[in-house]
Amino acid sequence: QAQDTKEQFFPALVYRTGPYAAGGSGFWGGMEDYMALMNLRDGGVNGVMLKWEECETAYNSDRGVECYERLKNQGERGATVVHPLSTGITYRLIERATTDKIPLISMGYGRTDASNGKIFPWVFPLITNYWSQNTAKIKYIGMQEGGMENLKGKKIANLHHDSSYGKETRPVLEKQAEMYGFEIRHYPVAHPGLDQKAAWLDISRRYKPDWVILRGWGVMNPTALKEAARTGFSADRIVGVWWSGAEEDVIPAGKAADGYVAAGFHPSGSDFPLIQEILDIVHGAGKGNISPQRVGTIYYNRGIVAGIVTVEAMRTAQAKFGNIVLSGEEMRWGLENLSISAERIAELGADGLMAPLSISCADHEGGGPVKFSRWDAASKQWVEVTDWIPTDKSIVNSMIMDSSMAYASEKGIDPRSGMSMGSDCG
Amino acid sequence: MTLVDFLFFVEVLVGGFLTGIMYALVAIGLVLIFKASSIFNFAQGALVLFGALTFVLLTEVAGDFWAWTGWLAVGLAAAAGIIFLLGRMNLDTTKAKKFSEKYVLKLPLYITAVLLVVLALFVDGGQNMWRGVFVTLLIFLMLTTAVKSPKWAMGVLLGLAVVSFLGDGVVTYRALAVSLVIVIGLAIAIERIVLRPMVNQEPIILFMATIGLNYVIEGIAQGVWDADVHALDIGIEDIPFEVYGVYVSQFDLFAGLIAAILVTALAIFFQKTRVGRALRAVADDHQAALSVGIPLKNIWVVVWAAAGIVALVAGLMWGSKLGVQFSISLLAFKALPVIIIGGFTSIPGAIVGGLIVGATEKLFEVFVGIPFFGGGTENWTPYMLGMFFLMFRPQGLFGEKIIERV
Amino acid sequence: MDTATTTDVQTYETERVREFTNFILEVEGIFVSFGGVKALQDVSFTVYEGEIFSIIGPNGAGKTSMLNVISGFYKANAGRITYQGNDRTKASPEQVARMGFARTFQNIALFKGMSTLDNIMTGRIVRVKNNFLKEAFYFPAQPQEDAQREYVEQIIDFLEIQSIRKTPVGKLPYGLQKRVELGRALAMEPKILLLDEPMAGMNLEEKEDMARFVLDVNDEFGTTVVLIEHDMGVVMDISDHVVVLDHGERIAHGVPDDVRTNKDVIRAYLGEH
Amino acid sequence: MNEKQQDASTNGALISVNNIEVIYDRVILVLKGVSLEVPEKGIVTLLGANGAGKTTTLKAISNLLRAERGEVTKGSIIYRGERVDAMTPSELVVRGVTQVMEGRHCFEHLTVEENLLTGAYTRRDGRAAIQADLELVYEYFPRLKERRTGVAGYISGGEQQMTAVGRALMAKPTVILLDEPSMGLAPTLVEEIFEIIKKLNENEKVTILLAEQNTNMALRYSQYGYILENGRVVMDGDSSDLLQNEDVKEFYLGVSGDKRKSFRNVKHYRRRKRWLT
Amino acid sequence: MFYREVGQYKSSYRADQAIFPITNDRIGVMLILIVAFVVPPLSGNQYIMGPILTQLLVFGLAALGLNLLTGYAGQVSLGSGGFMAVGAFGCYNLVLRLPEIPIFIDFILAGLMAAAVGILFGIPSLRIKGFYLAVATLASQFFLLWIFDHVGWFTNYDPAGVASAPTTTLFGSLAEEGGVLGFLAPINVLVSGPNATPEAKYILTLSVVVVLALLAKNLVRGMTGRAWMAIRDFDIAAEIIGIRPLRTKLLAFAISSFYCGVAGALYVFTYVGNADTEAFDLIRSFTILFMIIIGGLGSIMGSFLGAAFIVLLPPFLNILASHFGEGTLSGATLANLELIIFGGSIVFILAVEPQGIARMWQIAKEKLRQWPFPY
Ligand SMILES: Nc1ncnc2c1ncn2[C@@H]1O[C@H](COP(=O)(O)OP(=O)(O)OP(=O)(O)O)[C@@H](O)[C@H]1O
Ligand SMILES: Nc1ncnc2c1ncn2[C@@H]1O[C@H](COP(=O)(O)OP(=O)(O)OP(=O)(O)O)[C@@H](O)[C@H]1O
Ligand SMILES: [Mg+2]
Ligand SMILES: [Mg+2]
């Protein structure tokens with residue numbers, strides 16, 4: 001290896017086998033393709049090549065920990081940033097990453113109250129966390145009902161995966177139910193979610209809610225849609241979270257999924273110039289990290305967005321520390337000062353693929369908006385049905401504050417001083 | 001109870017029964033192997049996945065896959081034919097046959113086959129081609145080792161070639177036929193590699209071996225095919241129709257029919273036929289079975305092939321319900337309480353157990369779990385039920401009595 | 001039917017005259033059936049303390065079933081078993097064992113995964129007072145354990161199986177397994193030793209050894225022996241009393257000489273010579 | 001070993017075992033060079049104390065050793081000119097070699113009749129023939145007929161022994177390897193078994209290799225005998241000769257002088273002759 | 001030649017019953033222990049200490065627990081994950097609510113809780129046997145996890161149901177500066193929480209495991225162990241010679257669950273730092289069973305060998321793959337190849353030696369003993 005090639009190292013905690021393989025291979029396919037594009041097209045980011053090593057976790061938390069520990073010290077200056085790609089693994093890694101000073105990006109998943117950068121200085125639930133997403137979803141439902149005031153007296157069922165991921169939004173839903181006067185009932189579905197007949201019979205025949213929120217993962221999603229159809233619950237009254245809104249979740253459900261709406265912080269599709277370029281340069285050179293048919297799917301595009309965010313944070317840090325291989329701490333500075341404007345997004349060739357984003361050291365989320373798409377079973381396409389819907393920070397922030405402070409006191413953590421939410425970093 | 005309540009109860013009950021039948025489909029495979037060899041087959045779930053994936057991918061793969069499969073089959077059939085003729089021509093036939101079996105036929109084939117399979121796994125470019133190579137070789141290899149006769153291999157390979165060159169109109173049948181052969185081939189391989197060295201071992205050791213097997217099958221299934229989610233349509237609408245206010249799905253009824261056919265056929269086979277009796281003998285005592293001349297290897301191949309076919313059927317049914325994906329291998333866990341309640345050794349027990357399990361877990365969840373405990377009870381109710389049940393009947397409903405004697 | 005009077009004790013081809021006074025075990029009117037099979041029908045007999053008592057009869061006559069009833073493993077449908085004057089019909093096998101019954105089995109029932117030594121040591125379980133906590137910490141339990149081991153070593157010496165002390169019993173030849181089984185039973189320091197065909201599958205020399213062991217146990221410890229055996233040479237030579245079963249019914253009961261000449265016994269079991 | 005055995009392999013013995021060594025578990029050496037042969041239509045008996053290696057020898061011949069993690073590491077076993085290690089146990093059965101295993105080994109969950117019928121698994125001569133043989137077995141062992149619907153796991157030890165022997169007869173073997181067939185049988189039946197053996201041999205020309213502890217009977221009914229000690233053949237000869245041999249008389253038949261000793265009077269001491277030292 | 005017992009005569013039964021009757025073994029084990037306690041902390045390699053060794057120890061301990069039940073007492077159980085969860089959440093609540101108690105006492109208490117639950121779920125074993133029992137024990141697995149998932153109290157009402165190990169010291173809060181046991185303060189090191197050193201966690205884990213393994217070894221070579229094995233090998237015969245089946249089985253369930261419970265507690269406190277029920281799911285129970293079968297049923301050392309195989313082989317293959325496969329093979333192919341090789345090695349080991357790795361080791365020693373003679 002030549003002396004002068006600089007390499008920034010990224011551990012890739014992937015899962016390409018097991019029940020959730022579709023999510024893992026899709027996401028990392030996109031992310032790695034983006035990084036490959038940087039290397040192939042630009043010769044790295046400002047001269048620093050991107051290097052990654054895969055470690056198969058099989059979506060198993062223990063293996064996630066093992067992978068993290070194995071890879072965290074590799075590369076010239078150690079791992080720069082880790083995408084655990086699993087809420088379970090994120091939880092396992094929070095304290096470790098904090099001790100090791102490696103930023104943890106849990107984009108659209110993970111521990112919600114970690115958005116409070118004062119308590120969780122090394123965790124970044126970027127773009128939109130679970131709770132924020134949820135407020136957008138209630139807003140969407142409100143819009144469909146003709147205004148938030150019409151939510152009063154309505155009934156919503158929350159059908160969720162019975163895991164830490166699934167349970168995460170129960171508090172915020174309850175809080176919103178109180179605020180808007182709707183009724184919420186939770187239906188946990190045990191892993192892996194193969195059979196939901198009882199839950200759906202209860203929903204469709206007895207509870208008869210106006211809306212169902214689908215917070216599933218993996219095989220639980222198509223099963224829910226099919227079961228809904230069998231019990232006569234209309235798919236267009238089901239709103240999914242973004243881990244329930246990929247092609248893999250709806251295609252197996254066939255016609256039953258027609259009209260189903262899911263949230264997203266990015267759309268699907270491969271018409272973006274950026275993705276075309278990837279197909280050209282990366283896949284064209286036979287260096288693609290996923291089968292070309294899956295390019296442009298939801299999970300893939302999520303990986304692209306993750307790539308953009310990561311690389312942009314790197315650039316931000318490089319602007320301050322020079323075009324060097326960054327350390328975890330420097331990377332964190334980059335993340336905490338990350339700001340991706342609409343122009344920059346357009347410049348990247350990703351106009352419409354993501355909303356502008358800006359992070360601070362207190363706010364590790366960025367509060368990005370949410371877009372809703374409807375599945376069209378005939379054309380096998382997601383059709384966007386809303387524009388970007390902003391999240392309701394007023395609800396979420398105070399909850400995050402309470403929850404994270406409780407964590408801090410349990411753990412004896414002193415909040416980083418000298419900052420208030422939104423202020424500049426030291 | 002009002003009529004509405006009553007109808008709701010009936011609907012839950014019926015829903016439970018129908019789900020139970022679907023569990024039974026997986027459970028039958030487990031019972032089959034247990035009854036015939038007292039092996040508790042952990043890999044049954046993987047077999048379900050393997051079968052379904054094979055089928056669905058065969059309906060999806062592009063033409064060049066079939067072209068490769070077809071031409072390769074022709075080539076290998078020709079090779080087998082030549083070997084066959086050579087064996088015939090030689091004067092001392094037994095010797096020549098032995099020789100050809102041992103060296104000419106097997107050795108180079110093993111080597112090339114292994115190489116090609118490894119290649120097929122490794123080289124991702126032109127995946128269809130390598131899949132074709134893999135499938136054909138798998139079939140050929142297994143046939144030659146199993147039947148020790150190039151004639152047979154030739155026949156099946158030519159069949160495969162014909163099937164491969166058939167047009168798109170018969171896509172589903174073609175896929176079904178080839179999947180069947182592959183599943184049988186897999187059974188042969190399992191006997192060879194896993195079971196043969198483990199004759200006369202403790203049941204728990206054999207159980208463990210099937211766990212190893214489970215990983216291998218999962219790896220092969222996902223490696224040769226892929227780990228993506230595939231939609232599968234077997235042409236039966238999953239649309240409910242109403243009977244007196246209760247919704248029943250046509251699909252579930254169809255599943256019930258299939259299960260009933262399987263169960264009847266297998267039950268007759270076990271109780272009334274010579275081979276069925278031999279299978280039960282094998283389950284009791286491997287060594288004694290050998291001593292009376294029951295050819296353990298053939299028996300195992302038959303049983304595992306049957307279990308593989310049952311798994312394929314279960315895979316098709318579940319796959320069209322949920323999409324073909326890794327998770328359907330986890331269905332085996334739903335089949336476990338079914339077989340302890342029905343009895344490990346009773347095929348009709350699998351159905352009855354399925355009905356009981358399905359009905360209990362649904363009724364409990366709807367009328368107790370959700371209203372009182374916040375739901376999510378479906379996972380443990382069947383097991384709890386099974387546990388209490390076994391306290392009174394340790395061999396399950398229809399299982400063979402556990403013999404306690406000194 | 002009853003061809004012999006139980007009070008009139010004789011001996012067979014031996015100089016010793018053995019006299020018995022107390023009943024140790026009384027079996028009265030035992031019925032056992034399995035589905036349609038009547039394994040035991042109204043079987044009664046009594047065993048004196050200190051004697052060698054044999055149960056014989058054709059295959060499937062119900063001998064083993066009788067032993068199982070005495071061990072508490074089969075529950076009699078009717079009848080009574082009295083041990084040292086106390087009714088113990090309903091006792092569980094484990095209680096029976098603790099009362100002083102030990103047995104060997106027709107189809108060897110050793111603990112296959114354990115060594116000879118450990119197998120015999122299990123026989124001591126009824127006699128130890130350690131609890132698991134003491135054992136976990138080793139030292140508190142050690143004196144007891146040593147004492148047991150010493151006892152067991154005596155048995156090993158007695159049965160002359162020193163060389164297979166550490167061998168897993170599953171790998172022993174049949175005859176040695178039978179001997180280990182006897183050792184395990186002896187380790188329980190039984191008052192009554194129930195032996196189910198202890199000499200099956202042995203050649204003459206080994207049978208003689210086995211017979212000697214049984215006689216020695218009977219002599220030295222005064223252990224009552226209840227024996228099932230098909231080798232008439234052994235049975236007639238060493239038993240004090242014999243009961244004969246056929247199709248679950250008692251067809252004879254008495255001293256060996258009487259039994260040997262009993263017509264029913266000859267017809268059903270011994271055959272004409 | 002001796003010349004007699006050496007040249008016998010060439011003079012048409014049905015089974016010839018040539019100097020085999022058997023190892024269990026890859027460490028335990030059990031047979032240390034055993035040679036023997038069984039002539040066609042002969043009755044040959046294997047004698048020896050517990051652990052001498054009789055069962056092991058029989059299993060080596062029927063190829064059931066492998067299932068016990070045992071292995072023939074040296075020497076060869078030839079049946080009708082073919083090496084048996086190239087055949088599976090079931091192929092051997094098809095070729096007419098059937099074994100009655102020591103320790104009964106009945107199929108516990110099958111009824112007595114089903115057990116007997118599995119014995120006929122390899123037969124292709126039709127239902128009627130099988131049925132006839134079934135009746136024959138019932139004739140030999142009337143007790144089995146009474147218990148025909150009983151589950152084998154629950155029948156008595158002796159009944160299991162009859163089932164095991166009967167099951168082997170159902171295969172219509174040409175060679176039958178009997179491992180202690182008389183074990184646990186009532187005295188009348190012991191005679192019966194040996195009569196059956198004789199009848200099979202005389203009427204059906206079945207070749208028999210017998211391992212027995214009942215030395216007296218075995219030698220009376222057989223033509224040739226081998227005595228195994230410690231994994232080696234220490235003596236062999238015509239049965240009638242062996243019966244007259246003083247050592248055999250003393251150690252296996254328990255007759256010294258003319259009188260049988262009473263079991264009550266035997267002394268307890270190690271008398272086993274060290275044949276080899 | 002060097003590995004011999006010739007010339008080592010035992011003059012008492014006690015010496016004959018020692019854990020390692022052969023001097024070479026004794027020395028060997030001593031050396032291994034010294035190395036285990038000294039080398040990894042000195043090396044300071046967190047990866048080796050954490051995910052490799054601590055994980056190995058924790059699961060080895062759980063496997064040991066299950067081996068007592070399954071390998072020794074013959075009761076196949078698939079509920080070990082559930083019992084680990086009882087220990088984990090029990091210990092978490094103890095530490096959270098009673099910080100005064102020293103952590104190792106918490107471990108014991110947590111183990112006792114698991115034992116109590118184990119006894120409860122062991123009751124059916126009186127009637128149910130073999131695979132029927134195995135499947136029935138899944139009831140405990142699913143039921144216990146469901147309870148922990150649905151009763152918020154166990155996880156201190158964490159919204160995601162994650163119990164995160166509080167910062168804890170070895171001797172508890174009373175031993176802090178100024179506490180009643182203040183004199184212990186200098187050695188009252190942090191053993192869990194983000195600031196505890198990997199060395200402290202590792203050594204604590206190792207100590208707990210060594211002590212418990214020793215106790216287990218004592219148990220199984222005494223009457224308790226013999227009673228278990230008797231039940232395992234032939235339950236009816238065992239009862240007829242006077243072993244109380246229910247008591248013996250329940251004791252096995254209790255002690256086994258105790259070990260699993262402690263392992264669960266260690267998992268939370270010294271290995272990962274937090275846990276939700278997913279950590280103790282069905283797959284975990286199965287994995288622990290795999291460990292003992294592969295390692296060797298009825299072998300203390302086998303439990304750890306098996307754990308090493310099951311826990312370490314996947315990362316090992318992964319590392320191999322990333323060194324040799326990078327670039328030539330796609331990630332998915334590598335991942336699947338790993339699965340195939342993993343499963344293949346299980347089959348291979350069983351085909352070579354069904355008694356597991358421990359038995360292989362024993363045979364190797366036997367051969368060594370006889371060396372240079374072949375048998
Ligand atoms: N599976 C096995 N593993 C290890 N050793 C074995 C095994 N089977 C038998 N042996 C050993 O082989 C030797 C010969 O045993 P074998 O059963 O052949 O003797 P045998 O002559 O048939 O004795 P018996 O008269 O008691 O039946 C014995 O020492 C025995 O310990
Ligand atoms: N648990 C059981 N279930 C069914 N039938 C049984 C059971 N136990 C014994 N029998 C039957 O009862 C009869 C007596 O059996 P038992 O074992 O007592 O005979 P035995 O006198 O010991 O004969 P052997 O000399 O052959 O050992 C047999 O016909 C047997 O089939
Ligand atoms: Mg009997
Ligand atoms: Mg023998």
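In terms of heavy atoms, B:Gln395 sits closest to E:Tyr132 at O-OH, 3.1 Å.
Expressed to the nearest 0.5 Å, how far CG of E:Asn336 lies from CD1 of B:Ile220 amounts to 10.0 Å. Taken from CH2 in E:Trp146 to CD in B:Glu378, the straight-line distance is 12.0 Å, to the nearest 0.5 Å. Rounded to the nearest 0.5 Å, atoms CG (E:Leu339) and CD1 (B:Ile217) are 12.0 Å apart. To the nearest 0.5 angstrom, E:Leu350 atom CG is 11.5 Å from B:Leu213 atom CG. The distance from the CG atom of E:Leu282 to the CG atom of B:Leu330 is 9.0 Å, given to the nearest 0.5 Å. We find the CE-CG distance between B:Met387 and E:Leu133 to be 9.5 Å, quoted to the nearest 0.5 Å.
The candidate with the highest count of non-hydrogen atom pairs below 4.5 Å against chain E, out of B:Pro337, B:Pro197, B:Pro394, is B:Pro394. For the set E:Val151, E:Val352, E:Ile236, E:Asp235, the entry with the most heavy-atom pairs within less than 4.5 Å of chain B is E:Ile236. Each of B:Thr377, B:Thr210, B:Leu385 has some count of heavy-atom pairs under 4.5 Å with chain E, and the biggest count is that of B:Thr377. With chain B as the partner, the residue from E:Gly356, E:Gly130, E:Ala136, E:Ala134 showing the most heavy-atom pairs under 4.5 Å is E:Ala136. When the candidates B:Gly375, B:Ala221, B:Gly396 are compared by the number of heavy-atom contacts under 4.5 Å with chain E, B:Gly375 comes out ahead. Across B:Ile205, B:Ile193, B:Asn214, B:Leu206, the residue that shares the most heavy-atom pairs under 4.5 angstrom with chain E is B:Ile205.
For chain E, the nearby part of B:Phe392 is the backbone; its heavy atoms alone come within less than 4.5 Å. Heavy atoms of E:Val76 lying under 4.5 Å from chain B belong exclusively to its side chain. B:Thr381 does not touch chain E: none of its heavy atoms, backbone or side chain, sits under 4.5 Å away. Proximity to chain E (any heavy atom under 4.5 Å) is restricted, for B:Gln201, to the side chain, taken from C-beta onward. No part of B:Pro382 comes within reach of chain E, as not one of its non-hydrogen atoms sits under 4.5 angstrom from that chain. Looking at E:Ile346, only its side chain comes within 4.5 Å of chain B, counting heavy atoms on both sides. Of the two parts of E:Ile240, only the side chain, counted from C-beta on, holds a non-hydrogen atom closer than 4.5 Å to a non-hydrogen atom of chain B. For a residue to count as touching a neighbouring chain, one of its non-hydrogen atoms must lie under 4.5 Å from one of that chain's; by this rule E:Leu144 does not touch chain B. In this structure, chain E has heavy atoms under 4.5 Å from both the backbone and the side chain of B:Met391.
In this structure the side chain of B:Glu202 never reaches within 4.5 angstrom of the side chain of E:Leu297, judged on heavy atoms. You'll find the side chain of E:Phe234 reaches within 4.5 Å of the side chain of B:Val406, heavy atoms only. The shortest side-chain heavy-atom distance between E:Arg127 and B:Leu390 does not fall under the 4.5 Å cut-off. Using a 4.5 Å cut-off on side-chain heavy atoms (C-beta onward), E:Val135 and B:Ile339 make no contact.
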*Kindly indicate, with the supporting measurements, whether the criterion side chain to side chain contact (heavy atoms under 4.5 Å, CB included) is fulfilled by B:Ile211 and E:Phe290.*
CA-CA 8 Å; B:Ile211 290 167; E:Phe290 305 168; 3.0 Å; yes
*Please walk me through it: do B:Tyr383 and E:Phe143 pass side chain to side chain contact (heavy atoms under 4.5 Å, CB included)?*
CA-CA 9 Å; B:Tyr383 287 101; E:Phe143 185 68; over 6 Å; no
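Ring centers of E:Phe286 and B:Phe333: under 6.0 Å apart, within the cut-off.
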